[in-house]
Number of protein chains: 2
Amino acid sequence: MIDDIDVQILTILQENARTSNAEIARQVGKTASAVFERIKKLEKTGVVKGYTAVVDPAALECSVLAYVFLRLSPHRLARTVGAQLTEIAGIQEVIHMTGEECFLVKVRCKDTEALERIVMSINDIDTVSSTRTVIAFRAMRESLVIPVGG
Amino acid sequence: MIDDIDVQILTILQENARTSNAEIARQVGKTASAVFERIKKLEKTGVVKGYTAVVDPAALECSVLAYVFLRLSPHRLARTVGAQLTEIAGIQEVIHMTGEECFLVKVRCKDTEALERIVMSINDIDTVSSTRTVIAFRAMRESLVIPVGG
DNA sequence: GGTGAAATGCTATTAAC
DNA sequence: GTTAATAGCATTTCACC
């Protein structure tokens with residue numbers, strides 16, 4: 001389904017999504033049109049979900065980073081809550097996880113007042129029984145790159 | 001320093017980093033060369049840190065997602081520990097944050113055995129006094145896109 | 001200092017094999 | 001998967017405001 005050449009292509013695109021197909025072709029030893037077809041296929045089958053620019057949050061006046069931990073009651077409605085959370089602006093990550101605090105939500109916003117608004121709108125969801133918010137001093141690494149061979 | 005056109009360009013590139021300069025130019029009402037210059041400048045000034053493909057972890061046999069919470073002693077060495085953590089393969093996020101568990105580490109790997117290895121190598125760092133690991137059922141949203149106007 | 005217009009060598013994309 | 005063909009694109013240069 002996915003061969004070594006595909007893995008090479010994915011590695012290159014994770015490193016720099018704007019690499020031209022011609023350049024990728026050179027690096028993997030195929031023609032540009034072969035690479036083109038492979039990338040289209042990877043996109044169509046959902047292996048590649050998209051391409052994004054990594055932007056400095058400070059440049060967009062979005063310097064507050066926080067994590068919110070949720071408890072639900074009843075937990076049975078986790079799916080619905082997850083979907084509702086993903087709709088809230090400023091929420092970058094919604095993770096359903098093990099433990100009593102069964103949701104982790106990563107939030108980015110302009111200032112602590114905006115954070116308050118977001119946390120309040122999370123608390124507005126019926127099924128959410130409590131939240132605990134932790135503010136980040138600093139992100140020392142943030143990446144979506146999937147490690148290969150790990 | 002950054003004007004409305006730049007914000008528009010950043011929004012487009014965050015949505016799809018492979019959008020051509022010509023297409024961006026059409027959308028923001030400028031010429032391709034003007035857009036080209038602006039993007040180069042945004043890259044040079046560090047506003048744009050890079051471009052990455054968003055890949056489905058399962059396709060690369062990397063289906064385990066976990067979060068590890070750390071306590072340090074002494075906390076004074078946070079900077080050093082942060083740098084050491086970013087070096088470990090499979091660690092996607094390293095966040096220095098408020099609270100007793102002052103580091104959050106996001107890990108992606110193949111299976112729970114690989115996770116054990118990673119958590120053990122975190123525990124091997126002298127300054128790390130304890131770790132608490134939580135495994136994710138599922139990521140319902142994962143994004144690096146900076147919200148604009150929030 | 002950023003912009004638009006023209007020039008050129010590459011690139012994406014398609015079609016035929 | 002390749003090759004060949006074409007339309008479109010990235011990138012440079014330069015005159016302009």
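In what follows, every heavy atom counts, from backbone to side chain, and hydrogens, waters and symmetry copies are set aside. Source: prediction; values computed, not measured. Here is the naming used below: chain letters follow the sequence lines, and residue numbers restart at 1 for every chain.
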Between atom [atom1] in [X] and atom [atom2] in [N], what is the gap in whole Å?
X	N	atom1	atom2	result
Ile39(B)	dA10(D)	CD1	P	9 Å
Phe36(A)	dA15(C)	CZ	C1'	12 Å
Asn21(B)	dT12(D)	CG	C1'	14 Å
Glu23(A)	dT11(C)	CD	C1'	12 Å
Ile9(A)	dA12(C)	CD1	C1'	15 Å
Glu43(B)	dA10(D)	CD	C1'	13 Å
Lys41(A)	dT13(C)	NZ	P	18 Å

Pair pattern of DNA chain C in dot-bracket, where unpaired bases get dots and | marks partners in another strand, Watson-Crick or G-U under 3.5 angstrom: |||||||||||||||||
Aromatic plane relationship, Phe103(B) with His96(B) - under 30° parallel, 30 to 60° tilted, over 60° perpendicular: parallel
Charged N-O contact under 4.0 Å between Glu37(A) and Lys40(A): no
salt_bridge(Arg108(A), Glu142(A)) N-O dist < 4.0 Å: yes
Pairs: protein N or O with nucleotides 2-8 of chain D N or O, under 3.5 Å:
from	atom 1	to	atom 2	distance (Å)
dT2(D)	OP2	Thr31(A)	N	3.3
dT2(D)	OP2	Thr31(A)	OG1	2.8
dT3(D)	O4	Ser33(A)	OG	3.1

CG (Asn16(A)) with more than 12 external heavy atoms under 6.0 Å: yes
Heavy atoms of other groups near Asn123(A) CG, more than 12 under 6.0 Å: yes
So, for [X] and [Y], which heavy atoms are closest and what is the spacing to 0.1 Å?
X	Y	answer
Ala22(B)	Ala32(B)	CA-CB, 4.3 Å
Ile135(A)	Met97(B)	O-CB, 3.4 Å
Thr112(B)	Val64(B)	N-CG2, 4.0 Å

Distance, nearest 0.5 Å, that separates CG of Leu144(B) from CD of Glu93(B): 8.0 Å
Of Ile5(B) and Arg18(B), the one whose closest DNA chain C nucleotide lies more 5': Ile5(B)
Touch class at under 4.0 angstrom, heavy-atom based, for Arg38(A) against every strand present: sugar-phosphate
